[in-house]
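We use all heavy atoms of the structure for the numbers below, so side chains are in, but hydrogens, waters and symmetry mates are not. Below, chain A is the first sequence line, B the second, and so on; all start at residue 1.
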Amino acid sequence: MNAKEYQYRQVEEKWQQKWEDAGVFRADDKSGKPKFYALVEFPYPSGAGMHVGHIKAYSGLEVVSRVRRMQGYNVLFPIGFDAYGLPTENYAIKTNTHPRVVTDRNIERFTAQLKRVGFSFDWDRVVDTTEEDYYKWTQWIFLKMFEKGLAFRDQALVNYCPSCKVVLSNEDSQNGKCDICHSDIVQKSKDVWYLRITEYADKLLEGLEQVDYLPNVKQQQVNWIGRSTGAFVNFSLKEVDETLRIYTTRPDTLFGVTFMVIAPEHPLLETYQDRIANYADVLAYKAECAKKSEFERTQLVKDKTGVCIQGLTAINPVNGKEIPIYISDYVMMGYGTGAIMAVPAHDERDYDFAKKFGIDIIPVIKGGDLNEGAYTGDGEMINSDFLNGLTNKKDSIEKMIGELSARGIGEKGVQYKMKDWAFNRQRYWGEPIPIVHCEHCGMVAVPYEELPLRLPKVEHFEPGTDGESPLAKLPEFVNCACPKCGKPARRETDTMPQWAGSSWYFLRYIDPHNPAAFADRDKLNYWMPVDWYNGGMEHVTRHLIYSRFWHKFLYDLGEVPVAEPYAKRTAQGLILGPDGEKMSKSKGNVIDPLDVVDEFGADVLRTYVLFMGDYEKAAPWSENGVKGCKRFLDRVINLLDTVQDGETFSPALEGAFHRTIRKVSEDIESMKFNTALAALMTLLNQITDGGSINRAEYTTLLKLLSPFAPHLAEELWSQMGEQGMICTAAWPTYDADKCIEASVEIAVQINGKIRARVQIPSDATAEQAIAAAKADGKIAEQLVGMTVIKEFYATGKLVNLVIKPAQ
RNA sequence: GCGGGUAUGGCGGAAUUGGCAGACGCGCCAGACUUAGGAUCUGGUAUCUUCCGAUGUGCAGGUUCGACCCCUGUUACCCGCACCA
């Protein structure tokens, strides 16, 4: 067939229909085959439709899944929709359309688009996080957490987005900006729901040792959890009966403390306001800090500000010295105890502060120049009583902690940067939190048998100006009977954040229609863990942490069979615009994948996104690159008419085929799709150069190409009169012996410089290779009057002769 | 500031992990077929060159018979975290 006659789109639609009719991508829950669970991050069905980023994100495991099926695995490769979330709700508000309507429309569109690309998803297992049958279990897991004390309410300072009018978690407000609208976050004291993820900090950390994640994915999670070890120390106050508790990683520097600093929000201030002589100044400073945005606070890092509290003095527990207490915003209420002991000699921030306020600087570790700055290195302990003379940091820390514990003034402590997960949102389009507030019983869980607690239909989805959820305006929803005492009570009106539904979706895929459990135990045992999970780097400190946490909780409950949900995690790089910039509507450099499908076909699109560069790295889109892939596929089509009889590889191409089978198979395993395709192009060039191809060779080429360009492979396979579908055919295997060529060309170097190339049998010994090298005319010429000092032979690669003039 | 990464032709990127740098694709040049070519096919394409060769993987050194690869220093860019005590 001529490539000009080949109609990409018609052919693609035909095979998509045939795959669906035959159900070839349906996963089997009972199978004698080995299982393979491939997971990709399910999309948020935005109104904008599918992005080329989705194509790249899904194409990687799409290829792996297709290969695995051909290798005889029972493959689960599911897809679904993470459909709760603010963009849909905002769109609904703007257009006055119900989010349900918008969501259904978007899911329908996404589904059609995904199908047009020919992904081999199991469409019978689609989950939608906003469906009652699904969020029933999201609520169920929440209630289990509530039961175990992992879901709780607390009055605390939270990240608040004034524009979206919602409380955000730390993960959702990185860099002090709202994740959704990018406005500046403000800190607000609020009574909010938390999930106690910090309880799982160590488990999340330790679990990383058992899984095969990309190193940078692991590292980012380690940093995000931010475990630090140190000690808590209790300082008593001189004027009142109160202890000021601090956290430090360097308890060994306790003798160098010359002042204390507490956060502006520290409760001590309010408690003892009568005692504080300059309370007006303190209040003024607090007000000043509250005004600063997160941005200003980080920009003014070097410039320390603060106020000395008059009327309260701390006592150093090890030497009884009186120490002044300051408030400053360089100490955060959210980390440690919100109070620190300041050791200006050995901490840069404390040093800056001491210099500015003229506070003493007492060295306790030898080294450095304290006129220049703080000394943060190691050294011998001085001015430190029982620690004097110790030179090892670990020893001195241990000795100090021992002393503190013995005297009951402190103990070993661990802190995490990760904070508990602020979980409720004052918005409509999310899972209702199934809790009832009762005057008599407090917070009461909605009984499990009443789940799902349905999200009521409303007319208006706008959040209240007072920061209340739209659900608060519905008396028929709010007013209820307390499940415990039966007296009138009020429902919780906040909803769960977007990340709730996605924290366990990979479990629902295993048994998506089960009405009695989130998934059947036998099926969980069979399919879990996810063998390979691919997604974006942007989810490493959000979804990936959250879902590991939920899964570990379910594991501790005995509800899932494995401790870690994902055995392997990889991440794809971004596709940049043709200008090399990140794609964005404002830059006008967005490529619509469906346009590419229309113009070139899905096979070309799929092949190009995998060929364009290293899968894990960002790469710019290139229209010409797309055409190059089209040309490659066209050449494969054109070969069809030239195929001759032959049930085995011809001698001329046998080695090339075996090597290509090996290369393509191996490269797909390590996600080096670009070089796998390059190997196929090289093979095609060899075939073209050789001038002929037979049936065995052509069908093998089609099989190797089929994971990348499945429609084209199916079509040509059927035109060849082959039986069945190529997606169910056996993946080609190679024979290692046949990969070796009879003879190889090796380079001959003299003193490390290449002087000649010679052809030798590939099984030649070192002696034979060196002899062949010396026999070469050019080499022999240069050896005249020289002594060979050393000879090297790198097998099958090169010979190096080290020579010098003869005496 | 801390952590992680990257740097190779005009461009995207290869290089079996210490052994022939530039696979494969794009682009470009030349030719063929064409009324035509932005279709297709064929050949060429790192730089310099006195055509012998010389140089070349951000920069400066080092180890080695041999370095894109290992070591030391340095510069630039990207990503993540960031006054975390």
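Judged by distance alone, the side chains of A:Asn589 and A:Glu581 never bring a donor and an acceptor atom under 3.5 Å apart.
Within the 4.0 angstrom heavy-atom criterion, only backbone atoms of the sugar-phosphate kind lie near A:Lys753; the bases stay farther away. Residue A:Gly628 is classed as a sugar-phosphate contact, given heavy-atom separations below 4.0 Å to backbone atoms only. At a threshold of 4.0 angstrom between heavy atoms, the contacts of A:Arg662 with the nucleic acid are absent. Contact annotation for A:Lys672: backbone-only contact, meaning every heavy-atom pair under 4.0 Å involves sugar-phosphate atoms and none involves a base. Among the heavy atoms of the strands lying under 4.0 Å from A:Ile754 are primed sugar atoms or P, OP1, OP2 only; no base atom is included. Within 4.0 Å (heavy atoms only), A:Arg659 reaches no atom of the nucleic acid at all. Nucleic acid contact for A:Asp350: none, since no nucleic acid atom lies under 4.0 Å from a heavy atom of the residue. Residue contacts shown for A:Glu745 include a base, since a base heavy atom lies under 4.0 Å away.
Out of B:rA23, B:rG27, B:rC83, the shortest distance to the side chain of A:Met332 is found at B:rC83. Relative to the side chain of A:Asp614, the nucleotides B:rA14, B:rG27, B:rA85 differ in distance, and B:rA14 lies closest. Side-chain proximity of A:Thr248 to B:rA85, B:rC24, B:rA54: nearest is B:rA85.
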Pairwise N/O distances under 3.5 Å, protein to nucleotides 62-65 of chain B:
residue, atom, partner, partner atom, Å
B:rC65, O2', A:Asn800, ND2, 3.2
B:rC65, O2, A:Asn800, ND2, 2.6

Which atoms of nucleotides 9-12 of chain B (N or O only) lie under 3.5 Å from a protein N or O atom, and what are those distances?
residue, atom, partner, partner atom, Å
B:rG12, O2', A:Met612, O, 2.5

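Distance noted for atom P between B:rU49 and B:rA36: 38 Å (whole Å). Comparing the P positions of B:rC51 and B:rA15 gives an interatomic distance of 38 Å, to the nearest angstrom. Comparing B:rC26 with B:rG38, their C1' atoms are spaced 15 Å from each other, to the whole Å. Of the C1' atoms belonging to B:rA76 and B:rC29, the separation is 34 Å, rounded to the nearest Å. B:rC24 and B:rC41 have their P atoms separated by 16 Å, with the value rounded to a whole Å. A distance of about 9 Å separates the P atoms of B:rA14 and B:rA7, rounded to the whole Å. The gap from the P atom of B:rG66 to that of B:rU55 amounts to 14 Å, rounded to the nearest Å. Rounded to the nearest Å, the gap between the C1' atom of B:rA82 and that of B:rG12 is 34 Å.
Between A:Glu411 and A:Arg245, at least one side-chain nitrogen of the basic residue sits less than 4.0 Å from a carboxylate oxygen of the acidic one, meeting the salt-bridge criterion. Taking 4.0 Å as the cut-off between side-chain N and carboxylate O, A:Lys218 and A:Glu209 do not count as a salt-bridged pair. We find that A:Asp252 and A:Arg250 are joined by a salt bridge, their nearest charged nitrogen and carboxylate oxygen being less than 4.0 Å apart. With respect to the salt-bridge test (charged N to carboxylate O, under 4.0 angstrom), the residues A:Asp352 and A:Lys356 do not qualify. Remark: A:Arg569 engages A:Glu41 in a salt bridge, criterion side-chain N to carboxylate O under 4.0 Å. Using a 4.0 Å cut-off between charged nitrogen and carboxylate oxygen, A:Asp202 and A:Arg227 count as a salt-bridge pair. Between A:Glu265 and A:Lys286 no salt bridge is recorded (no basic side-chain N to carboxylate O distance below 4.0 Å).
The phosphate of B:rC24 has neither OP1 nor OP2 within less than 4.0 Å of any side-chain N or O from A:Arg631.
Put simply, the side chain of A:Phe673 does not reach to within 4.5 Å of the side chain of A:Val609, judged on heavy atoms.
Ring geometry for A:Tyr546 versus A:Trp499: interplanar angle of 30 to 60°, hence tilted.
Between the side chain of A:Lys304 and the base of B:rC83, a donor-acceptor pair under 3.5 Å is found.
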Q: Return one dot-bracket line describing RNA chain B 5' to 3' (Watson-Crick or G-U wobble pairs, both distances under 3.5 Å; ( ) same strand, [ ] crossing, | another strand, . none).
A: (((((((..(((......[....)))((((((.......))))))(((....)))..(((((..]....))))))))))))....
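With hydrogens and angles disregarded, no donor-acceptor distance shorter than 3.5 Å links the side chain of A:Thr198 to the backbone of A:Ala201. Within the 3.5 Å criterion, the main-chain N or O of A:Thr765 finds a donor-acceptor partner in the side chain of A:Gln768.
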